[in-house]
Amino acid sequence: MSTEYDFSAIEKQWQNYWESNKTFKAEDFSSKPKYYVLDMFPYPSGAGLHVGHPEGYTATDILCRYKRMRGFNVLHPMGWDAFGLPAEQYAVETGTHPSITTDKNIDTFRRQIKSLGFSYDWDREVNTTHQKYYKWTQWIFIQLYNKGLAYIDEVPVNWCPALGTVLANEEVIDGKSERGNHPVIRKPMKQWMLKITEYAERLLLDLEELNWPEGIKEMQRNWIGKSSGAEVDFKIDGKDVSITVYTTRPDTLFGATYMVLSPEHAKVMDITTPAQRAAVEAYREHAARMSDFERTELNTEKTGAFTGAYAVNPVDGRKIPVWISDYVLASYGTGAIMAVPAHDTRDFEFAQKFDIPVICIIEPDAKDAASDGVNTADVLAGKACWTGNGKMINSANDAGLNINGLEVKESKAKTIEWLAARGIGKGTTNYKLRDWLFSRQRYWGEPFPVIHMEDGSIRLVPENELPLTLPEMDDFKPSGSGESPLAKAEKWLEYVDPVTGMKGRRETNTMPQWAGSCWYYLRYIDPDNSDRIFDPAKEKYWMPVDLYVGGAEHAVLHLLYARFWHKVLFDIGVVSTKEPFMRLVNQGMILGMSYKNAHGILVPNNLVEHTPEGPVDTRTREVLEEFPAKMSKSLKNVVNPDDVISEYGSDSMRLYEMFMGPLEAVKPWNTKGVEGVYRFLKRSHRLITESTIEDRAMTPEELRTLHATIKKVSEDTESLGFNTAISQMMVFVNEFSKVATLPLEAAETFVKLLAPYAPHLGEELWECLGHSQTLAYEPWPVFDEKYLAVAEVEILVQVLGKPKARIMMPTGIDEAAMEKMALENADVLKAIEGKTVRKMICVPGRLINLVIG
RNA sequence: GCCUGGGUGGCGGAAUGGCAGACGCAACGGACUUAAAAUCCGUUGACCGCAAGGUCGUGUGGGUUCGACUCCCAUCCCAGGCACCA
């Protein structure tokens with residue numbers, strides 16, 4: 001029996017054992033309850049695994065191993081989100097086919113992930129770039145198309161000339177591409193769009209039943225951005241044109257003093273007077289030239305042009321000027337608004353700038369105004385803006401509408417009713433959510449199973465001819481025209497109808513990276529099925545995902561897109577649940593330790609030396625301040641899991657990542673901390689391998705420690721409180737290191753508790769204890785409350801809330817006896833000397849508080 | 001500006017309204033060793049005190065309570081997200 005904790009030998013041995021025995025193969029169908037735990041699958045980048053990846057993977061792995069021991073049939077798979085721009089850019093630079101780069105990266109990732117000893121069922125591995133996978137991504141697109149949810153639209157898109165591709169809004173940050181930081185401009189192009197907006201309401205509503213962090217749900221709600229209000233028709237004075245505006249504040253109609261159309265609004269030129277034509281055209285051109293970013297960038301200063309037209313306010317017949325301005329967006333609502341400067345800050349700014357009257361129609365609620373520091377007199381005089389609550393004033397007409405004196409909420413309803421009765425308005429709902437721009441001008445993505453026929457019609461590749469594979473190419477440069485490199489694959493592009501001989505050209509766009517990740521959790525269920533997307537019986541058995549763990553950066557997009565596709569698949573009867581992921585947990589980011597000098601200048605870690613005085617700049621000898629920062633190449637604070645594993649072993653790596661703090665928290669990496677858990681594993685190893693183990697009865701103290709440990713580790717593992725579970729195991733080892741002989745039951749129980757956390761060591765110690773089978777399916781220990789009970793407890797006696805004495809008292813003693821014992825104690829008597837005891841608060845088993853005076 | 005989280009020792013963190021700082025790191029002292037590493041034992045929130053002991057202490061200011069890191073109000077700071085969405 002080895003006395004050294006030789007982690008590299010142990011880890012290698014057990015990884016081989018698990019692999020050759022297929023220990024973690026998930027059985028389809030079983031009498032055990034199922035449990036599906038999903039990790040967000042990684043994009044296999046060239047940089048290899050980052051310490052952030054194993055954080056979530058370790059957490060789910062611990063839970064999976066625990067659940068197996070609790071008798072669950074666990075599905076825990078892994079795969080690769082492998083389409084994407086970096087491999088394509090590398091191909092452009094070097095001519096290496098993206099599939100070669102991708103496979104190489106995946107091999108690295110797989111090796112690294114396997115070296116951490118995760119209990120994945122590797123037989124279910126998926127790869128979004130494999131034909132047998134993307135065949136079904138294309139199949140889903142066909143279902144979307146057939147359901148009328150995919151359409152082509154000419155839309156101004158985010159065109160990045162440097163990358164030669166269109167980017168999604170979310171891939172553009174501050175007017176630059178998220179990847180590479182290149183400038184992005186707006187360019188109209190024909191694009192595939194998916195009608196996610198049709199599902200807005202359900203995506204919003206069904207959030208309610210999900211066990212997700214409240215913050216993530218809120219982010220999705222905000223992204224969907226539901227608002228309710230009214231559409232109101234305004235006639236244009238002297239023209240046979242009417243314009244519909246959208247407002248969430250129909251109650252403020254009496255305060256509308258002008259109207260604004262977005263510069264792109266279809267009716268702008270219809271209503272513009274000859275005198276204003278030049279100014280309006282100039283403004284429209286100016287607006288068109290600007291990117292979305294510039295529009296919002298310059299949001300402090302309002303701009304606009306007067307059309308010369310006047311609209312008639314339907315509630316009181318007043319004529320109000322019609323302007324165009326880029327603060328009104330064409331894509332939201334009706335692209336036109338009624339402006340109420342007295343009660344909307346944007347309208348107020350605009351009115352101030354262009355000298356438009358401000359009419360106050362809400363008298364601010366006095367209390368609200370005071371707490372917001374708003375002067376009511378200014379609001380009433382139209383000199384200040386009030387967007388809060390209050391009572392309506394100046395809001396009545398002689399056509400039966402009078403909302404004076406009402407609060408905002410009632411007046412909205414009443415106004416909508418009045419408008420609807422006259423057929424000039426109606427209550428409506430709007431969403432900020434836009435349709436999903438689904439094309440990319442890239443090579444390395446799923447090709448659309450679409451042919452554009454000569455006669456302008458669109459034909460889909462028949463389902464039995466899928467997959468439509470990517471053509472082999474050796475030049476991956478963008479075509480330059482805005483089309484993807486596929487536009488250069490001439491042979492591949494050509495299509496001739498075998499029956500009619502009609503010619504066609506294949507779609508050159510490919511799908512965005514989100515496509516493959518929208519449904520991978522479904523393919524794990526039946527990854528090798530070549531006849532259908534998956535066997536429905538297996539889907540019914542495994543779905544929904546019980547726990548989904550990943551980074552918060554996917555809070556909105558990936559999770560919203562995946563929910564959307566899932567709902568579509570639900571509607572066409574392909575899946576049996578309306579939501580895919582029942583419980584979601586976001587692991588917090590792991591930061592690297594970084595250093596800055598007194599001027600706040602960052603010093604890369606390779607120029608920092610640790611001295612007794614603290615971290616020092618090796619060049620200037622200046623003492624530096626330590627602080628946690630996002631890991632980055634420039635700060636040289638990136639930690640490579642391979643290095644940690646070779647020095648301390650993967651069990652230590654796993655344990656440290658879990659011991660750092662709560663899973664959801666952002667935490668700084670500290671390699672010294674790995675040594676702490678490494679020492680704990682060494683002590684655990686020594687405890688089992690070097691103690692004299694005896695099959696003997698335990699003392700009450702031993703039983704209490706053992707059962708308290710079972711209880712805490714079980715409960716904390718269940719609730720993902722891994723850091724506190726580990727500290728309890730440390731307490732156990734500290735306690736049992738003191739005993740002369742180690743009771744066999746305590747040894748075996750401890751090994752089982754440790755195993756999900758440090759699985760290699762767990763198996764090794766289990767073997768040392770004389771077992772020949774894996775402990776992966778050993779029943780999880782159960783604690784007995786009776787061993788936790790003690791005969792005597794220490795009761796704290798407080799006087800006025802301050803601790804004065806600690807007295808041992810029998811458990812279960814009644815309050816009167818507790819008080820009596822307390823009042824007999826010398827320290828207590830001293831503390832209350834000369835005072836009267838006015839009250840005694842007794843908390844059985846805990847404390848007594850004496851109130852004196 | 002709005003929406004989420006979060007502020008506890010030198011550091012990571014722990015605490016069903018009931019002894020703040022479990023567990024770990026670092027530091028210091030000691031044992032073992034020719035020495036070092038490894039290991040083991042002990043000390044370690046701050047301040048006052050020789051000591052017994054006392055005072056203060058969970059971002060800040062109030063409040064509720066016999067009792068507040070925990071609940072309420074206000075406020076500051078940090079991180080993430082959204083941002084002219086009418």
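Note: hydrogens, waters and symmetry copies are ignored here, and every other heavy atom, side chains too, is used. Proteins come first, then strands; the chains are lettered A, B, ... in the order of their sequence lines, and each starts at number 1.
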Asker: B:A14, OP1 or OP2 - any side-chain N/O from A:Asn723 closer than 4.0 Å?
Answerer: yes

Asker: Determine, for A:Glu715 against A:Lys712, whether the closest basic-nitrogen to carboxylate-oxygen distance falls under 4.0 angstrom.
Answerer: no

Asker: Does B:G9 adopt a syn or an anti glycosidic conformation, taking syn as a chi angle within 90° of 0?
Answerer: syn

Asker: Between A:Arg284 and A:Glu264 (salt bridge meaning N to carboxylate O under 4.0 Å), is one present in this structure?
Answerer: no

Asker: State whether A:Lys672 places a side-chain N or O below 4.0 Å from either non-bridging phosphate oxygen (OP1 or OP2) of B:G24.
Answerer: no

Asker: For B:G67, give its Watson-Crick or G-U wobble partner with both distances under 3.5 Å, or none.
Answerer: none

Asker: Has A:Asn734 got a side-chain N or O lying under 4.0 Å from the OP1 or OP2 atom of B:G24?
Answerer: yes

Asker: Does the structure show a Watson-Crick or G-U wobble partner for B:A79, both distances under 3.5 Å? Name it, or say none.
Answerer: B:U4

Asker: What is the base-pairing partner of B:A14, counting Watson-Crick and G-U wobble geometry with both distances under 3.5 Å?
Answerer: none

Asker: Identify the heavy atoms of A:Ala789 and A:Arg704 that sit nearest to each other, and give their distance.
Answerer: O-NE, 4.0 Å

Asker: Among the nucleotides B:C23, B:U39, B:G13, which one has an atom lying closest to any side-chain atom of A:Pro662?
Answerer: B:G13

Asker: Reckon A:Arg221 has a side-chain N or O less than 4.0 Å from the OP1 or OP2 of B:C82?
Answerer: no

Asker: Taking OP1 and OP2 of B:A22, is either one under 4.0 Å from a side-chain nitrogen or oxygen of A:Thr724?
Answerer: no

Asker: Going by distance alone, is a donor N or O of one side chain under 3.5 Å from an acceptor N or O of the other, for A:Tyr327 and A:Thr303?
Answerer: no

Asker: Judged by each residue's nearest nucleotide on RNA chain B, which is more toward the 5′ side, A:Pro668 or A:Tyr431?
Answerer: A:Pro668

Asker: Using a cut-off of strictly less than 4.0 Å, decide whether A:Arg679 has a side-chain nitrogen or oxygen near OP1 or OP2 of B:A37.
Answerer: no

Asker: How many Å lie between CD1 on A:Ile337 and P on B:A86, as a whole number?
Answerer: 11 Å

Asker: According to the Watson-Crick and G-U wobble definitions, with both distances under 3.5 Å, which nucleotide is paired to B:A27?
Answerer: B:U43

Asker: Grab the OH-P distance between A:Tyr5 and B:U39 for me, whole Å please.
Answerer: 13 Å

Asker: Which listed nucleotide (B:G13, B:C84, B:G24) is nearest to the side chain of A:Asp326?
Answerer: B:C84

Asker: Decide, yes or no, whether a salt bridge links A:Lys353 with A:Glu301 under the criterion of side-chain N to carboxylate O below 4.0 Å.
Answerer: yes

Asker: When you measure from the side-chain N and O atoms of A:Tyr327 to the phosphate of B:A86, is any distance below 4.0 Å, counting only OP1 and OP2?
Answerer: no

Asker: If the sugar-phosphate is the primed atoms plus P, OP1 and OP2 and the base is the rest, what is the B/S/- string for nucleotides 64-81 of chain B, using protein heavy atoms under 4.0 Å?
Answerer: --BS-------------S

Asker: Thinking salt bridges, do A:Arg221 and A:Glu214 make one under a 4.0 Å N-O criterion?
Answerer: yes

Asker: Nearest whole Å is fine: how far is B:A15 P from A:Leu796 CG?
Answerer: 20 Å

Asker: Tell me the partner of B:A36, counting only Watson-Crick (N1-N3 plus N6-O4 or O6-N4) or G-U wobble (N1-O2 and O6-N3) with both under 3.5 Å; none if nothing fits.
Answerer: none

Asker: Identify the nucleotide, in any strand shown, that forms a Watson-Crick or G-U wobble pair with B:A51, with both distances under 3.5 Å; if there is none, say none.
Answerer: none

